[in-house]
Every structure is written in C-alpha cells, then in structure tokens.
Amino acid sequence: MPVSWIMIILFALAVLGYVLGRRRALASAGGDMRNLHSLPSYYGSHVALFAVAPAVALLAIWLVVQPMVISSSVARSFPDGAISEGSSLSLVMSDVKRVADGLNVAVERGALSAEEAGSVSAGATNIRERLGSVGVALGSDVDSSVLDAAQKYRAYASTGHLIMTLAVLGLALTGFIYGMAQMRAEFRARNIVEHAVKALLVFAASIAVLTTVGIIFSLIFNTIEFFKLYPARDFFFGLTWAPSFGGGSELGMLPLLWGTLYISLIALAVAVPIGLFAAIYLSEYASPKMRAIAKPLLEVLAGIPTIVYGLFALLTVGPLLVSIFGREGLNWMQAGTAVMTAGLVMGVMLIPFVSSLSDDIINAVPQTMRDGSLGLGATHSETVRQVVLPAALPGIVGAILLAASRAIGETMIVVLGAGAAARLSLNPFDAMTTVTAKIVSQLTGDADFASPEALVAFALGMTLFVITLGLNIIALFIVRKYREQYE
Amino acid sequence: MSDATSGGAVPAAGSRRHGSILQLDARTKKRNAKEARFRAYGLGAIIIGLVFLVTLLTAIVSNGVGAFQQTFIEVPVYLDPQKLDKTGNRDAAEMAKVSTFGYTPLIQQGLLDLVDREGIDAPFEKAGDMKALISASAAAKVRDYVLANPDALGETRGFELLASSRVDGYLKGRVTQESVERDRNISAEHLQLADALREIGAIRKGFNSEFIFGADASESRAEQAGIGVAILGSFFMMLVVLAFSLPIGVAASIYLEEFAPKNRLTDLIEVNISNLAAVPSIVFGILGLAVFIEFAHLPQSAPLVGGLVLTLMTLPTIIISTRASLKAVPPSIRDAALGIGASKMQSVFHHVLPLAAPGILTGTIIGLAQALGETAPLLLIGMVGYIATNYPDGISSGFLDPNSAMPAQIYEWAKRADPAYYERAWGGIIILLVFLLTMNIIAIILRRRFERRW
C-alpha cells in the first residue's frame, strides 16, 4: 500500500474518530453539554489525536530509518571480492539502489511483470537495455553481484513496507479504540488536547534551533571531509587561490578573506558617515514632516533586492568608474568589476541599515540629557557631538558591527560586481573576489561533490558563518547592554 | 515688531561689554558656523542617500523599459507545398516530419521577395542573407501555424515575426551602424535595409507581451526570452514559503510570547532566532544543498526546495513581527477571557490571535517580499544554469520539476554575454520590483486599515 493511501486512511480515521468521540462523550453525558467537563469538540479532537498522532510519528520515523537499515544489511551481505578496484562500497550501493528503483519503475510502467522483475538475472536479460526502454538510465552494465543485491534490497524493502503498513494502521486503530474508551462525561479532554497543541507549539519554536543545528552540522561534516583531503594549515594560511578541477589545486583562503574585508571596508566607509549623519539629522534636526517623508524613502534602499544592486554595480557603476579611472581617464582600472565598484554599491545598500539602527539608538538617549546640555549654553551640534553621540556610542558601534556582518555575508553584489580573480592587492580598482563569491562558484559547477574543490565551499561557509556569528553576538551584546542603561 | 525697539537699546550695552546676543563675538560666530556646517552635513547625507535612490531607480527604468518593446517584421511567406508536404497528402504526421530547417529558407525568401517588390536598393541576392534580420525562432512559429492550418499550404500568408536581437537593438539605439563593423552576425547594410523596411512599415516596434508571459530562450535568441516561466517558479516557491512559514512562525511566536517559561531552553531559542535573522543568506543555501538535496535527495532546482530554504530564511522575520503584534494586544483581553473560564490556550486562540491577525499578516507579506527578492541561496540549490523553457504542466510538476525564479532568471541573464540580455535583466528587475511594491503596498494598506490603537 503506498504511503499516500496510508495517509488517506489515517485522515479518514481522524474524521471518524472526531465524529464518534464527540457523539459518545455527549451520549455519556445524557446529551446535555453542560454535564461534560470540556466542550464536545475537545472530546472529538482527543480521539482523532490518539488515532493519528502516534501513527504518523511511527510512519515518519519508519520512512527515515528503513532505507538506512536495509542499506546497511544489504551492504553487509556483499561478498568481499565483489567491489572492484577504484570503486567503493558507497558507489556500489548507489548502483544497487538505482537498479532496484529502476526495476520498481519498470514494474510500475508495465514494462516488466512483478514476477519477471523478481526473477531477472544478469546473464539472461540485458537489464540496462530493458530499464533504458522505460526511461531509467544506468551508468554501466549491471554485474550479477549488484543485481543480486538489488533483488535483496527490493525484497527487504517490500517486506519492510508491509510490516510498516500493518504497524502504522494497527497503532492507529489501537489509538482510536483507546481514545474512544476514555469518552466519559468527566474525562478532561481539554487538558489533554491542549497539551498536544502546546507540544506542537514547542516543536514549531524549536525549528529555529533545528535550523541552526542543521547549518552547523552540514558545515562541520563537510568541512571535516575537506580537511581530510586538503591540509587545514594550507587552507587557512595559503596565499594563493587557484582551484583546478583536474587536481593539484591551491586553496588558500587569505586572498578571499582579504577581498571580503577590503570590499566591506569600502562599503562601511561609504555607509557609516552617510548613514550616521542622516540618522543624526533625522532624529535631531528634521521636522516631523520631513522625517515622515525622508525616513521611509531611505528605507526603500533596504527593501530593494540585492540582485538589483548587483546588476547596478555590473552595468551602471562599473562602466561609470571605468570611464573615470579606466584607460581613457586615470588608467588605474582595468575592467568594470573591481573592489571599488562592489564596495560603493554595497555601501549604498547599507546606508538605510546604519541610519535606521542609529536613529533608534539616538532616539533612545533621554531627552533630559539634551535639555541639560542645551541649558548650559551648548549649541545643538555641540550637544549632539559631546552628549548624545557619546551616550549612544556603544549602540552605534553595535549597529556598525551588524552592518559589517551584513557586508561580509553579502553575495549577489560581489558575485556580479567584484570580479572573479583572487588576488592580494592594495589597489581598490583591481578585481578581487570574496568568500561568498567563491562559495557560489565552487558549488554551482558540475563538480564532483566529493572533490576538495567543491568541499572547500563548506570550509569557506564555515569561516563565513563563524565570522558573522561572532560579529552578531558582539553587536547584540553591546546593543542589549547599552539599552539596559536607560530603561 | 519689538525687535526694532529693543534693537536700538541693546547695542549700547553691547559696545560696553564683550559681546551680546545681537553682536556676536568671533567665538560665537565660529560656533554658529560649526552648527550650520554640522546641520548641512546631515542634510547632505540625506540628500546623497536620496540621490542614490533616484539614480538607482532611473537606471532601472531607463535601461529596462526597452524590454517591454520588441521589434517585429511583417513577412509574407509563400508556404510552398512542395517543400512542406512532399507527398501532397496533407497528412499531419507527414508534415510534422519537416523540421524548422525546412521553413527557414521560405521565410528568408519571403523577406527577399518583399525587398525586391518594394524596390528597396539592397546589396543582397541570396535568401540566406536575410538570416541576420529575422529571429531564429521565426521558423518554429510558421511551422506551428502550418501544422495547425494545413489548408494554408500553397498560399502566401503574412506573418508577424520577431526581428533578430541586433535589429531590435538597432531600433532601440543599443546597436549602431558603427558598432556592428566587427559583428559576425550582422552588417551595416543589414541595418540600412532594416531602416528601409521600417519606412515601408514592414518593421515596427510593438508591446512585448512575450517578455512578461513567455519562457526563457537559449543564449543566441535574446529577442525570444521572457520571464513568465520564472514568475511561475517564484509563485510556486512563495506558496511553499507561505504554507510553511506562516503556521510555523505563528506557532513559534505564540509559544515564545504566551507560554514559554523563563528558562535555559527559551533563552536558547530566542538567541537562535535573533542570530538566524543575521546569518548570511548564502549560508542558508549551503544548508539547503547539504540537507535537502544531498541528504534528503529532493530534486535539484525544484521550487519546493527553494521554498523550503526561503522558509527557513524568512522564519525569523515572521517570528519577530508576529511576536511584536502579539505583544501589542493588551493583557486585559487575556485576563477577561481567563476570568470567564477560558483556558490559557483558548484565550490565545480565540481572542489574542484574531486581534493580532492584521499585524501577523502584514509581517508575513513583508517576509514574503523579502523571500521573493532573495537570490543567493537559490544559486546553490541549482536554480541557475537551468534554462526555463517550459511551463510546468500541473500543480505537482510546478513544485517538483526544475524551474527558475525571478531573481535567479535575472542573474542568469546578467551573466550571458549578449548585451541584448542586459536589457532583459533590467526589464526583469522592473517586473520584480512591481511585485515587491504591490506586496508592500498591500501590507501598508492592511496596517492602516486594521491597525488598532488600544
């Protein structure tokens, strides 16, 4: 029975449970709702819950665990000599799975009958051709050990599936009967249903934790894989970045890190003064009317997708800079993609980020401090510089750190605007590349996923994650600590 | 005013002593100048920011508006039965054997005949010379027409065909007669011929609905490329994001805001959410690649996977805004519900949640808009490098078959070598921004209309 059928049966059981449970509870209360402990719908939900929730949980676990168990038991039964040189168990196992899936597809499409599929042997029929005719492509001819394993795999899978169907439906039925048995007027259905809902809420809230765990695990495992193939010291301290998919790559991170930091530095040099002055003006000088117009307009800059900035860098700012600093101008710049191009555009992107964060922080400085300073005869700008800004400084530093982490993690602008050459140079008009841009280029090719050239992207991602996480934590810590001072 | 009278009295006092309110001494003047300068810096910063905004929008509109116009050539094509239906049976299966290569010469001949008939002086004698003017997609269009109307064979029918991207660029000013000197695809004579054809009305510019609704094309056919399939891909992705992030986001916020005890676990979740909000989007792409594609073996390039990755990315945004709107519901509402015997759960689901709904909806729309424009994670799960030429043929195909998404399509166009694609990329941005603008306006209207002040 396919999984979708099981789900439909479970759903039907839930509806049935709801209706019957509700009716039974009402009947036990003599048909009068007031004699029930909870509202009637809670009794119905209780039965539906007991019928479905354990069964679905079992189904989900079974679907994840069964393939793993079967793979390992099939792999264990593989004869030692069957794995040819230059191959590995995982490669053979993926062949086995493909053949098994292919046979299943062939049966489904009617190219083979179920008995035929169960009895094909490598010698008698050319499996590759047979499967090819139903659209299942196999890389190489199937040898007998793989075919045997595939047949075993299919047999285990179908047995496992049968047991699963029985177990899930049995559990559902048990839950249903158990739930029904409890339907008495004094039964506290609401409390139990609410506990289940609360468990659901807790689960939803922990998805954030699960995501972080998922990120960390996917980064760590692949990074370890990478360091098995490539020495960690060469990665962290290497001065050349020259990946070649033929092998013999040099994968030093420093040029990428330098490009990232250089571009971020230029971006911050644009965004911090403009954003900070804009925030000061908006919070200290601007009339409410101007504030109501200028603040949302500036924030439009933050709502524009980064791909737009990327295109703007590539097609507008780059050519513009070349016409000034290029061969016809000052001759500092070779091509439109450069650190300066990406940095300037990223700076524009970060202006609203700096300005609205700083604006909030400046507004949080108590008015009494300004009044005190003005009362002593300071001008408005003196008040801002000598009273408001020092008071807001920790928060502003936090805002700048958050902007820096944004800049370091930004991808589309640098992919389109910064160029692809990894180099260590001081000239801001040179093309350089960044950690994020290389993650994209190493993972978007047709590279073998197990090669160091592809896996290096995970080590780069790990570096990026650690740096941005560190900046965020420091920034949040500073901002939080500062906020407490005035609250 | 009173200033005039007091103005006479004060200077006398001022001349006695050192400085006054009306006669400023050097130091005060300096301080005031500094004040004015400081103020000007602030104003300047805002103006610079706004100038950037205006420049950006001008660049987008001026570069992208051309994508909505396309050049068409009106060509009378003689549908030669000897070439298109050799057996003469008008049998559909037989006729379908003639590929587009069989149609191309007829179209080119048709255009050459038109040039001769109109007496245009052009140095072209072979039909093949007309290739540079007509899009490579034209033959397929004629073929589709013939297969649908076999009766038209033997007649001369007028077709409105796409002009090639160079001719299109020439009419839009992107290509000039000088710039094509070293172009292998077209010569200056072709462009002069295009001018002549334009004068007799055979070439004209029209609205390009294919760009909005059509599919992407191969690299050499910029004139044919459209963003329609990618819009659909984005749409399916947004459905996934909505279906997952709204319930999970709301459930998580309800727990954290209403039920969570103050303990380590709650703290951990809160710190996690605020950190996830600041994790670079590309890292979510790595997560999607490693978990959804390598581990769970979901199909590559599928909107389902893209939607799942974007869900994880937008969850923090939605949780943060949902919590804010739950917090805005006054405690008295909860107390009233609890007071008449509702459980905590009932008070939240029956009273607090409906009151917070407009705020939650606004936050969700803004989160969706953010997800719609996001590109970097999509690059890693394979939504680029894929040419989205076919519409998905059903709901499940829409979720599971490889597709592109709007920002990924724009990136793809920006990478292609033909400058004709840059215009498409800008045009795609206009469409993307129109979607984002609409979503944000809906969010603002919702907020204005339903926002309650307690």
Side-chain angles (χ1 to χ4, degrees), chain A residues 190 194 197-198 200-202 204-209 211-212 214-215 218-219 222 273-274 277-278 280-282 285 294 297-298 300-301 303-308 311-312 314-316 348 351 379-381 402 405 409 411-412 416 436 439-440 443-444 449 457-458 461 464-465 468-469 472 476, chain B residues 31-32 34-35 38-39 41-43 45-46 48-50 52-53 56 59-60 63 248 251-252 254-256 259 268-269 272-276 278-283 286-287 289-291 294 312 315-316 343 345 373-376 379-380 384-385 407 410-411 414 422 425-426 429 432 436 440:
Chain A
R190 183 171 85 173
E194 285 188 349
V197 173
K198 198 167 164 188
L200 212 64
L201 296 185
V202 176
S206 19
I207 284 195
V209 183
T211 310
T212 313
I215 289 177
S218 58
L219 287 175
N222 289 300
I274 296 181
F277 270 112
I280 290 170
Y281 190 85
L282 283 179
Y285 289 102
L297 274 182
L298 272 185
V300 169
L301 281 174
I304 291 176
T306 52
I307 176 80
V308 180
L311 206 66
F312 185 61
L314 177 70
L315 299 178
T316 309
V348 174
I351 290 174
T379 64
H380 209 140
S381 67
L402 280 181
S405 111
T411 311
M412 294 321 295
L416 287 170
T436 48
I439 292 177
V440 171
L443 284 181
T444 48
F449 202 70
F458 292 94
L464 185 69
F465 184 69
T468 49
L469 194 69
N472 291 335
L476 284 178
Chain B
R31 286 174 67 201
N32 284 350
K34 228 174 178 179
E35 168 76 27
F38 192 76
R39 208 184 154 125
Y41 291 151
L43 196 59
I46 288 179
I48 290 174
L50 296 182
F52 280 138
L53 179 65
L56 188 61
I60 292 169
N63 288 310
I248 295 177
I254 288 177
Y255 177 72
L256 292 175
F259 294 102
L268 180 74
I269 295 176
N272 254 303
I273 290 174
S274 52
N275 271 327
L276 278 183
V279 166
S281 57
I282 184 112
V283 173
I286 295 182
L287 171 77
L289 179 67
V291 173
E294 290 297 323
L312 295 182
L315 259 185
S343 67
M345 194 69 75
E374 191 55 58
T375 326
L379 301 186
L380 294 192
V384 286
I410 293 166
Y411 173 71
Y422 294 161
W426 288 113
I429 281 177
L432 179 63
L436 293 184
N440 279 295

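Below, chains carry the letters A, B, ... as their sequence lines are ordered, and counting in each starts from 1. Quick caveat: nothing in here was measured; it's all calculated off a predicted structure. Hydrogens, waters and symmetry mates are skipped; everything else that's a heavy atom, side chains included, is used.
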Quick check for you: among A:L469, A:L219, A:V209, A:I304, which has the greatest number of heavy-atom pairs under 4.5 Å with chain B?
A:V209
Chain B interface, residue from A:I351, A:L464, A:I215, A:L200 that has the most non-hydrogen pairs under 4.5 Å
A:I215
Rounded to the nearest 0.5 angstrom, the CG-CD distance for B:L379 and B:E374 is 9.5 Å
Would a 4.5 Å heavy-atom cut-off, applied to side chains only, mark B:K34 and A:T379 as touching?
no
Non-neighbouring partners of A:F458 that pass ring-ring contact (aromatic ring centres under 6.0 Å, His included), sequence neighbours left out:
A:F449
Contact origin within B:L436 toward chain A - heavy atom pairs under 4.5 Å
side chain
Closest non-hydrogen atom pair, A:A278 against B:A45
N-CB, 3.6 Å
Chain A contact via B:L276 - side chain, backbone, both or neither, heavy atoms under 4.5 Å:
side chain
Quick check on side chain to side chain contact (heavy atoms under 4.5 Å, CB included): which of A:I439, A:I307, A:L416, A:V440 does A:T411 satisfy it with?
A:V440
How about B:L53 and A:L298: do any of their side-chain heavy atoms sit closer than 4.5 Å?
no
Most heavy-atom pairs under 4.5 angstrom with chain A, which of B:N440, B:L380, B:V291?
B:L380
Which portion of B:L315 sits near chain A, non-hydrogen atoms under 4.5 angstrom:
side chain
Are B:I286 and A:F465 side-chain neighbours, meaning at least one heavy-atom pair lies under 4.5 Å?
no
Options B:L43, B:I273, B:I410, ranked by heavy-atom pairs under 4.5 Å with chain A, top entry
B:L43
What residue in A:V300, A:T306, A:N222, A:L297 has the most heavy-atom pairs under 4.5 Å with chain B?
A:L297
Portion of B:I48 that has a non-hydrogen atom of chain A nearer than 4.5 angstrom:
side chain
Side chain, backbone, both or neither of A:T436 within contact of chain B (heavy atoms, under 4.5 Å)
both
About how many Å separate CD1 of B:I269 and OG of B:S274, when rounded to the nearest 0.5 Å?
12.0 Å
Looking at residues at least two apart in the chain, or sitting in another chain, which of them share a side-chain contact (heavy atoms from CB on, under 4.5 Å) with A:L315?
A:L311, B:Y422, B:W426
Honestly, the part of A:I207 sitting under 4.5 Å from a heavy atom of chain B is side chain
Which region of B:I248, side chain (C-beta onward) or backbone (N, CA, C, O), has a non-hydrogen atom less than 4.5 Å from a non-hydrogen atom of chain A, or is it both or neither?
both
Note, B:F52 side chain near A:I274 side chain (heavy atom, < 4.5 Å):
yes
Please state whether the side chain, the backbone, both or neither of B:A278 comes within less than 4.5 Å of a heavy atom of chain A.
both
If one checks every heavy atom of B:N63 against chain A at 4.5 Å, the contacting part turns out to be side chain
Leading residue by heavy atom contact count with chain A [cutoff under 4.5 Å; candidates B:N32, B:L256, B:I60, B:L289]
B:L289
Could you look at A:L314 and say if it's the side chain, the backbone, both or neither that has a heavy atom under 4.5 Å from chain B?
side chain
Among A:V202, A:T316, A:L282, which residue forms the greatest number of heavy-atom pairs with chain B at distances under 4.5 Å?
A:V202
How are the rings of A:H380 and A:Y285 set to each other: parallel, tilted or perpendicular (split at 30° and 60°)?
tilted
